[in-house]
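A quick note: this is a predicted structure, and the numbers were derived from the prediction, not measured. Excluded from the calculations below are hydrogen atoms, water molecules and symmetry mates; all remaining heavy atoms, backbone and side chain alike, are included.
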Amino acid sequence: SERSCGLNGILPDELVGGFPKTREELFAYRAIILGSVEAASFSPDQLRMLADFVSKRGGGLLMLGGRRSFAEGGWAGTPVGEVLPVEFEGSDARGNAAPFFTGLSVHPTRAGATYPVTQLADTEQASTARWKDMPAVTAVNQVRLVKRGATVLLAGAYGRAQEQVVLAYQRYGRGKSLAFPIQDSWLWKMDAKVAVTDTTHAT
């Protein structure tokens, strides 16, 4: 059966020998979630396999925010960086990014207001109102630009009219890649103002 592969929260017997070393092993999965892990954790062959996983296998790839994600994790200029829907800004010649930290009040974009994944209520108006009531989150990855053809579903406001990408996706070859460059979406479940029965985080 097809599985999801993540570097966090994997099943006890999965990936015992480390991240898959062959295309056949990797292509047995449907989706891959990369947490806060540096590009240097992977061999050049594994980086190319990850890109091919999306473009040729038709898998899904999601990168989460964190101090070792996106530009901060040295992903600029890698095959995976090419697959992701976002542009890398402020990186030096080695792909390292300048320090960044901001709090974000998240809201759906025009596309996100009607997209099923980011609908938090039965109507667009109720969903938008629910997003306004969500706890703020933080980002350590400065991600403001997306690639041509990518769609931003969630954005976060900070500073003077500055917008940060919170959730973006794009079709890439036969698959899809997503960027979720915030580090504490768990606040949407664990914040004191969120009811224990609230299913927003699961959504």
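From Ser177, atom OG reaches atom CD1 of Ile32 across 12.0 Å, with rounding to the nearest 0.5 Å. Remark: Met134 CE to Leu187 CG distance equals 9.5 Å, nearest 0.5 Å. The OG1 atom of Thr203 lies 11.0 Å from the CD atom of Gln119; values are rounded to the nearest 0.5 Å. Of the inter-residue distances, the one linking Glu82 atom CD with Leu47 atom CG reads 13.0 Å to the nearest 0.5 angstrom. Between the CG atom in Leu153 and the OG1 atom in Thr118 there is a gap of 5.0 Å [rounded to 0.5 Å]. The distance from atom OH of Tyr115 to atom CG of Leu154, rounded to the nearest 0.5 Å, is 11.5 Å.
Look at Arg57 and Asp52 and you find no salt bridge, because none of the NZ, NE, NH1 or NH2 atoms lies under 4.0 Å from a carboxylate O.
Annotation: side chain of Arg23 is in contact with side chain of Lys56 (closest heavy-atom distance under 4.5 Å). Within the 4.5 Å cutoff, no side-chain heavy atoms of Pro85 are placed close to those of Lys147. Under the 4.5 Å side-chain criterion, counting only non-hydrogen atoms from C-beta, Phe101 is not in contact with Asn141. Side-chain contact between Met63 and Leu84: present, with at least one pair of heavy atoms (C-beta onward) separated by less than 4.5 Å. For the pair Val83 and Leu50, the minimum side-chain heavy-atom distance is 4.5 Å or more. Between Arg174 and Ser55 the shortest side-chain heavy-atom distance does not fall below 4.5 Å. Side-chain contact between Thr197 and Thr199 is absent, with no heavy-atom pair separated by less than 4.5 Å. For the pair Glu25/Phe19, no side-chain contact is recorded, criterion being any heavy-atom separation below 4.5 Å from C-beta on.
No side-chain donor from either of Thr102 and Gln164 sits under 3.5 Å from a side-chain acceptor of the other. Defined by atom type and a distance below 3.5 Å, a donor-acceptor pair is missing between the side-chain atoms of Glu38 and Ser41.
Linking ILVMFWY residues whenever their side-chain heavy atoms come closer than 4.5 Å, directly or via other members, places Val146 and Val143 in the same cluster. Hydrophobic clustering (ILVMFWY, side-chain heavy atoms < 4.5 Å, transitive): Val140 and Val165 are in distinct clusters. The hydrophobic clustering, which links ILVMFWY residues whose side-chain heavy atoms are closer than 4.5 Å, places Phe88 and Val37 together. Using a 4.5 Å cut-off between side-chain heavy atoms of Ile, Leu, Val, Met, Phe, Trp and Tyr, with links allowed through other members, Val117 and Leu178 fall into the same hydrophobic cluster. No continuous path of hydrophobic side-chain contacts links Val86 to Leu145 [ILVMFWY only; heavy atoms under 4.5 Å].
Taking the six-membered ring where tryptophan is involved, the planes of Phe180 and Trp188 are tilted, since the angle between them lies from 30° to 60°.
Within the structure, the salt bridge (charged side-chain N to carboxylate O under 4.0 Å, His left out) test picks out no pair touching residues 175-186 (sequence neighbours left out). Applying the side chain to side chain donor-acceptor pair (under 3.5 Å) test to residues at least two apart or on different chains, the pairs with a partner in residues 123-136 are Arg110-Glu124, Arg130-Asp198, Arg130-Thr200.
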Trace of the side chain to side chain contact (heavy atoms under 4.5 Å, CB included) decision for Leu61 with Tyr172: CA-CA 10 Å; Leu61 175 67; Tyr172 191 90; over 6 Å; no
Test log, rule ring-ring contact (aromatic ring centres under 6.0 Å, His included), inputs Tyr158 and Phe100: CA-CA 12 Å; Tyr158 73 97; Phe100 176 79; 5.8 Å; yes
Mind running side-chain hydrogen bond (donor to acceptor under 3.5 Å, both in side chains) on Thr138 and Gln183 for me, showing each step along the way? CA-CA 6 Å; Thr138 63; Gln183 62 177 356; 2.9 Å; yes
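Minimum heavy-atom separation, Ala39 to Gly74: CB-O, 3.5 Å. The minimum heavy-atom distance linking Pro135 with Asp191 is given by the pair CG-CB, 3.6 Å.
Without hydrogens or angle criteria, Thr109 side chain to Val152 main chain gives a donor-acceptor distance under 3.5 Å. At distances below 3.5 Å, at least one donor-acceptor pair connects side-chain atoms of Ser69 with backbone N or O atoms of Gly35.
None of Glu89, Glu87, Glu163 except one satisfies the side chain to side chain donor-acceptor pair (under 3.5 Å) rule with Arg144; the exception is Glu89.
Checked against side-chain hydrogen bond (donor to acceptor under 3.5 Å, both in side chains), Arg67 has no partners two or more places apart in sequence or in another chain.
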